[in-house]
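Chain A is the first sequence line, chain B the second, and so forth, proteins listed ahead of strands; every chain is numbered from 1.
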Number of protein chains: 2
Amino acid sequence: MTSVAVTKDEISKEENMITIKDVARLADVSISTVSRVINDSKPVSPEVRRKVLKVIEETGYKPNDVARSLVTRRSYLIGVIVNNLAQSYVADIVRGIEEIGKMYGYDILLCSSYSSKETQEKYLQLLDRKQAEGLFLVGNKFDEKIIEQATELNKPCVYFTRDVHENMNHISIDCNSAIYEMTKYLIQEGHKEIIYVSDFENRSTVEDEKISGYLKAIEDNELEFSKIYVVGGNKHNKAYELGETLIKNKGEFTAVVCSSDEIAIGIMDSFIDNGVKVPEEVSIAGFGNIREGKFVRPELTTIGEPYYDVGAVGMRMLIKMIKGDKTQQGLMELPFTLEKRKSVKTLV
Amino acid sequence: MTSVAVTKDEISKEENMITIKDVARLADVSISTVSRVINDSKPVSPEVRRKVLKVIEETGYKPNDVARSLVTRRSYLIGVIVNNLAQSYVADIVRGIEEIGKMYGYDILLCSSYSSKETQEKYLQLLDRKQAEGLFLVGNKFDEKIIEQATELNKPCVYFTRDVHENMNHISIDCNSAIYEMTKYLIQEGHKEIIYVSDFENRSTVEDEKISGYLKAIEDNELEFSKIYVVGGNKHNKAYELGETLIKNKGEFTAVVCSSDEIAIGIMDSFIDNGVKVPEEVSIAGFGNIREGKFVRPELTTIGEPYYDVGAVGMRMLIKMIKGDKTQQGLMELPFTLEKRKSVKTLV
DNA sequence: CTGAAAGCGCTTACAG
DNA sequence: CTGAAAGCGCTTACAG
């Protein structure tokens, strides 16, 4: 038999984990006292405090949040269910959520569902078991059942979505006004024949608002022409196809307002590939200010939503709700921006 | 005094939380038995199981993972510290991590540090206190101190970075070969004067490998010309500026290989804005296959790294390490792809 | 200011 | 197959 020298250090690597008990023993005080100095929850005499702090320092003791969580019934965990993390706006919202959360000691449990209802259900259960204190749902649209299940969790819940339901805490911009302003802007630039391209696949409450914003701008400015096209299905591809259809009616309009940047870029690509000059022949405007809009040539004129702020405001709202403030619930609208870039031509 | 009717339902909304104890009482068994049926950990007679399941069903009981965590010493939480969630490759890696993690019951604690060392330190502490079982660090570069602190946590740890240290578990592609292949490809397309643009700001071990890959390709193909430029600082801006410098030496080269897509796009924009035609006059190649590369015109030829797979493989490795498999540690290289698009012109 | 004790909601030997 | 008991690492009345 060979005997192997085992150093203290090696042992500690295996199953170290020093606890509050160890600290108490080493500092020759009760665990209550240790707890008090860690949390600064009750007065402790200076000498005792120093003694305890010294032991903590020496041992490198770190409180176990799981144990603390169990007794305080506070997890400081916030669930964030996103449909697609790869969308740039999602990352921005998450950043807002995270930064404000960090200020208040909350952490993010990230759950990407890729729009799968089953995955969302599983995550909802999981967040419940993990004692998440609140949750965010971010994505264009969520199934009724999911919204129902999220509500049944009886946890504070905030949505970032394009399909707004009743009793839903929701933060966004005023999409109706946004499209109204965009259409008005095009009119001011001298456009008289403006079409709107709607997103059929994701037909939602917000899409209805956008359409009515478009129509109202047309009406308020006494334009004679208005026309709504609908793209059906997977955005970029379908928008590209629709673009080819639009080319056939090229003389009909001088500008197109799109329900989303994805659609706008799809149409623009289709125009360019087919020799229709943007913005010389046709102006195009999008909605959402996705990152790609700045890389596309010409750069896309669009509506900007302050996603970071949207996330930050959402987190503030959620925290208030966690604290029991019922008044915070409801809708909330943040100011949007009109990003004037190169895809729109001035006609006057 | 007014008395308000309070229904059972309302009460349960306040401070419900039914526990294993309640289930045991209602099913008239011990909590051990309830635990056994929940976890399927030991045989339970069919009738008893049915009885317990029925109560669980009726009460909607959900086990408290925090309590379970405390006793099992398993949190099933994996910390992911990212520098910038908004970068598309990060989202892809996280997706890989998450999907494999989900298969094994692990959840992601997301920590965005925006390259702040202080934030990273705080998150490291936090992940420790939350009993995270392992962690990922994803970002171009991490400070020595951070790497040290991460190591001291004594938790399985995997990096996705461009600055590889010794004893670091790391997953990526073979960047040396990648640049070698890209340069070779340009040579095969007839280019004889090829420059390389290096990333000075993020000078890292991987950058050194890239440079030597470039030089080796030049040498292996017996080209007489080679030249390395360096961009200093914030990528897109600085690359744009460097582009203007390059234009002065336009006749010197026919192709430029860049250390990253960001640099390539910056230079390309600069060329285009200054009337230098890409790829007619100069061909450009990037590295990384960021989403923007497909939106830029001409579309950018680049090296693709399978980020999703990189994340997935990383998670697999981490899980093995959590299970105590020491052999899994070290470097791991996945195959890259050469994305041939429009920014490179064939000269032969 | 300090400590002993109870308890948070679970799991898991141990004994039967 | 089942239950009583101990214990995971903490916090927090309670008593002094």
- prompt: Quick one: is dA4(C) close enough that its OP1 or OP2 comes under 4.0 Å of any side-chain N or O from S30(A)?
  reply: no
- request: Could you tell me how the ring of F142(A) sits relative to the ring of Y159(A): parallel (under 30°), tilted (30 to 60°) or perpendicular (over 60°)?
  value: perpendicular
query: Would D325(A) and K320(A) satisfy salt bridge (charged side-chain N to carboxylate O under 4.0 Å, His left out), going step by step from the backbone distance to the final call?
result: CA-CA 5 Å; D325(A) 186 342; K320(A) 283 200 182 157; 5.5 Å; no
message: With a 4.0 Å cutoff (strictly under), does any side-chain N or O of S45(B) reach OP1 or OP2 of dC1(D)?
response: no
- line: Going 5' to 3' through nucleotides 8-16 of chain D and flagging B where a protein heavy-atom sits under 4.0 Å of the base, S where only the sugar-phosphate is that close, and - otherwise, we get BBBBBB---
query: Paired with dA4(D) by Watson-Crick or G-U wobble geometry, both distances under 3.5 Å: which nucleotide is it?
result: none
query: Taking a pair as Watson-Crick or G-U wobble with both distances under 3.5 Å, which nucleotide is matched to dA13(C)?
result: none
Check: D143(B) side chain, K145(B) main-chain N or O, donor-acceptor pair, under 3.5 Å: yes
query: Are the side chain of T161(A) and the backbone N or O of G139(A) linked by a donor-acceptor pair below 3.5 Å?
result: yes
- prompt: Does a side-chain heavy-atom distance below 4.5 Å link I171(A) with F160(A)?
  reply: yes
message: salt bridge (charged side-chain N to carboxylate O under 4.0 Å, His left out), that's the test. Do D65(B) and R74(B) meet it? Break it down for me.
response: CA-CA 10 Å; D65(B) 273 355; R74(B) 303 279 270 123; over 6 Å; no
